[in-house]
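The structure appears right after this line, and notes come after that.
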Amino acid sequence: MGDCVDHCELAFSWKNDACVITGFDSFDLHMTCQCGQAFRWVRAGDSGQLEEGVVRGRFLRLEQRGAELVVHPPADDETVAIVADYFRLRQSHAALEVGIAGIDPIMARAVDSARGLRLVAQEPWECLVSYIVSANNSVAQISRVVENLSRTWGRPVDGSLRYSFPAPNDLGCASEADVLACKAGFRSRSICEAAGKIAGGELDLDAVVAMEYHAAKQELMRLRGVGEKVADCVLLFSMGKFEAFPIDVWIERAVRCLYFGGEQVSHREIRQWAAASFGRLAGYAQEYLFAYARLSIPGKLRNG
DNA sequence: AGCCAGGACACGA
DNA sequence: TCGTGTCATGGC
């Protein structure tokens with residue numbers, strides 16, 4: 001069930017320059033875009049029905065109508081392909097959710113609280129910078145900084161007022177003071193160093209993608225500002241390493257309260273427990289737990 | 001005013 | 001290998 005085999009046969013039909021995608025199973029566009037794994041999606045439209053974002057240098061304007069996903073113009077073949085790929089629409093997600101919900105009653109509740117939540121296939125470089133920025137930061141602030149970086153060094157994206165996320169080369173030309181002006185704070189130095197190392201070929205993200213999970217994690221952690229948690233997020237959200245189990249304050253709280261009776265648990269213990277409990281699906285389990293924990297703000301999960 | 005936010009790092013024991 | 005203070009920045 002975690003083999004990421006494509007199961008869903010998608011159908012595409014064009015109406016009025018928009019493309020309607022059907023054929024996918026369990027999928028919730030807003031849940032997926034707003035859960036805090038990616039930072040460039042904006043809810044738009046009169047009733048907040050749209051999700052607008054920039055992926056691979058293209059402006060995407062999406063709307064879900066039940067079992068239909070509408071790609072608003074421009075919906076050329078490449079754009080539609082990017083959408084299907086980004087949200088992994090060919091993957092049978094319903095089957096995966098059944099598998100996760102079947103692990104234990106807590107996971108059943110977690111899946112139920114966020115059904116249709118997908119792990120998107122982000123671009124590694126953008127994801128890396130986003131999660132360097134995430135250190136001791138809030139989702140709203142991370143989005144702001146990523147948007148500032150794009151506006152400052154990215155390229156204008158056709159059909160929108162948005163900008164592409166700058167390539168390592170483009171960001172590599174920036175001074176630390178320039179990055180600081182984007183409100184990146186104490187993470188500015190880490191961003192500049194990462195851009196320099198990747199632009200200079202000292203670290204090859206394509207090579208990291210090809211590595212086995214643990215080796216890939218060690219490689220990413222060579223970068224300043226990249227510890228275990230950030231590395232796991234990059235591996236999970238942009239490199240298809242679904243055994244990654246990022247542990248942040250929310251996950252620690254959720255695991256401690258829901259599984260360890262409120263007793264203190266070290267990150268090392270949580271990692272071992274997650275690997276033993278969820279195996280290759282750890283990343284998906286983590287994302288449902290994260291959504292479940294954040295949904296129960298403020299404090300249902302606090303202190304046992 | 002003080003604490004928290006999808007932490008990492010240097011330091012000391 | 002473990003805890004602790006610190007790092008910008010903004011919201012509550």
Side-chain angles (χ1 to χ4, degrees), chain A residues 31-41 110 113-114 117-120 122 124 126-149 152 174-194 197 217-239 241-242 244-258 263-272 274 282-303:
Chain A
M31 180 81 72
T32 300
C33 290
Q34 300 300 330
C35 74
Q37 63 179 310
F39 302 97
R40 298 208 66 188
W41 290 101
S113 76
L117 172 59
R118 302 236 177 178
L119 287 177
V120 301
Q122 296 186 46
E126 176 180 333
C127 188
L128 172 63
V129 175
S130 300
Y131 278 93
I132 288 176
V133 172
S134 81
N136 197 28
N137 216 340
S138 66
V139 172
Q141 182 69 5
I142 299 163
S143 302
R144 223 168 287 139
V145 173
V146 170
E147 218 54 33
N148 290 342
L149 293 172
T152 308
S175 71
E176 193 176 323
D178 293 335
V179 178
L180 192 62
C182 293
K183 305 300 180 183
F186 60 84
R187 311 134 188 114
S188 298
R189 177 181 170 189
S190 303
I191 295 172
C192 289
E193 284 190 18
K197 283 189 177 179
K217 186 168 175 178
Q218 290 308 308
E219 193 66 9
L220 288 178
M221 287 174 62
R222 286 173 45 207
L223 297 169
R224 171 179 295 276
V226 180
E228 291 210 49
K229 191 270 174 182
V230 168
D232 272 332
C233 283
V234 175
L235 291 166
L236 181 60
F237 299 138
S238 75
M239 296 185 173
K241 312 295 185 192
F242 298 117
F245 191 87
I247 301 170
D248 61 16
V249 292
W250 292 96
I251 288 297
E252 175 177 357
R253 204 175 293 155
V255 171
R256 172 166 49 82
C257 297
L258 297 173
E263 298 296 320
Q264 292 258 345
V265 196
S266 70
H267 287 196
R268 184 179 54 79
E269 286 177 281
I270 294 180
R271 275 195 301 279
Q272 292 176 350
Y284 278 96
Q286 190 272 2
E287 203 58 7
Y288 286 107
L289 274 177
F290 181 75
Y292 184 49
R294 280 178 37 117
L295 213 68
S296 19
I297 322 180
K300 262 195 170 181
L301 290 173
R302 291 175 200 259
N303 298 331

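What you see is a predicted model, and the numbers here were worked out from it, not measured in a lab. So you know, we letter chains A, B, ... as the sequences are listed, proteins then strands, and number each from 1. All values below were derived from every heavy atom in this structure, side-chain atoms included, with hydrogens, water molecules and symmetry-related copies excluded.
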_Euclidean distance for P, C/dT6 against B/dC3 (whole angstrom)_ = 13 Å
*Base, sugar-phosphate, or nothing for A/E228, non-hydrogen atoms under 4.0 angstrom?*
sugar-phosphate
Pairs under 3.5 angstrom, nitrogen or oxygen only, protein versus nucleotides 9-13 of chain B, please.
| unit_1 | atom_1 | unit_2 | atom_2 | d |
| --- | --- | --- | --- | --- |
| B/dC9 | OP1 | A/G225 | N | 2.8 |

*asked:* Just to verify, what does A/S188 make a side-chain contact (heavy atoms from CB on, under 4.5 Å) with, not counting sequence neighbours?
replied: A/E176, A/V179, A/L180, A/A184
*For A/R40, all residues meeting salt bridge (charged side-chain N to carboxylate O under 4.0 Å, His left out), sequence neighbours excluded*: A/E147
*C1' gap between B/dG6 and C/dG3, integer Å*: 22 Å
*Just call it for A/K229: base, sugar-phosphate, or nothing, with non-hydrogen atoms closer than 4.0 Å on any strand.*
base
*From B/dG6, B/dA8, C/dC7, pick the nucleotide closest to the side chain of A/V230?*
B/dA8
*Any idea which of B/dG6, B/dA5, C/dG10 is nearest the A/D248 side chain?*
B/dG6
_Proximity to DNA chain B (any heavy atom under 4.0 Å), residues of residues 134-144 of chain A only_ = A/S134, A/A135, A/N136, A/N137, A/S138, A/V139
*Considering residues at least two apart in sequence or located in another chain, which fulfil the salt bridge (charged side-chain N to carboxylate O under 4.0 Å, His left out) criterion with A/K197?*
none
_Partner residues of A/Y288 under the ring-ring contact (aromatic ring centres under 6.0 Å, His included) criterion, sequence neighbours left out_ = none
*With sequence neighbours excluded, tell me which residues meet side-chain hydrogen bond (donor to acceptor under 3.5 Å, both in side chains) with A/R187.*
none
*Partners of A/A282 by side-chain contact (heavy atoms from CB on, under 4.5 Å), sequence neighbours excluded?*
A/F245, A/F278
*Within the structure shown, what part of the strands sits under 4.0 Å from A/E252 by heavy-atom distance: base, sugar-phosphate, or nothing?*
nothing
*Does the ring-ring contact (aromatic ring centres under 6.0 Å, His included) test come out yes or no for A/F237 and A/F242, once each step is laid out?*
CA-CA 9 Å; A/F237 299 138; A/F242 298 117; 10.0 Å; no
*Which residues share a salt bridge (charged side-chain N to carboxylate O under 4.0 Å, His left out) with A/E219, sequence neighbours left out*: A/R222
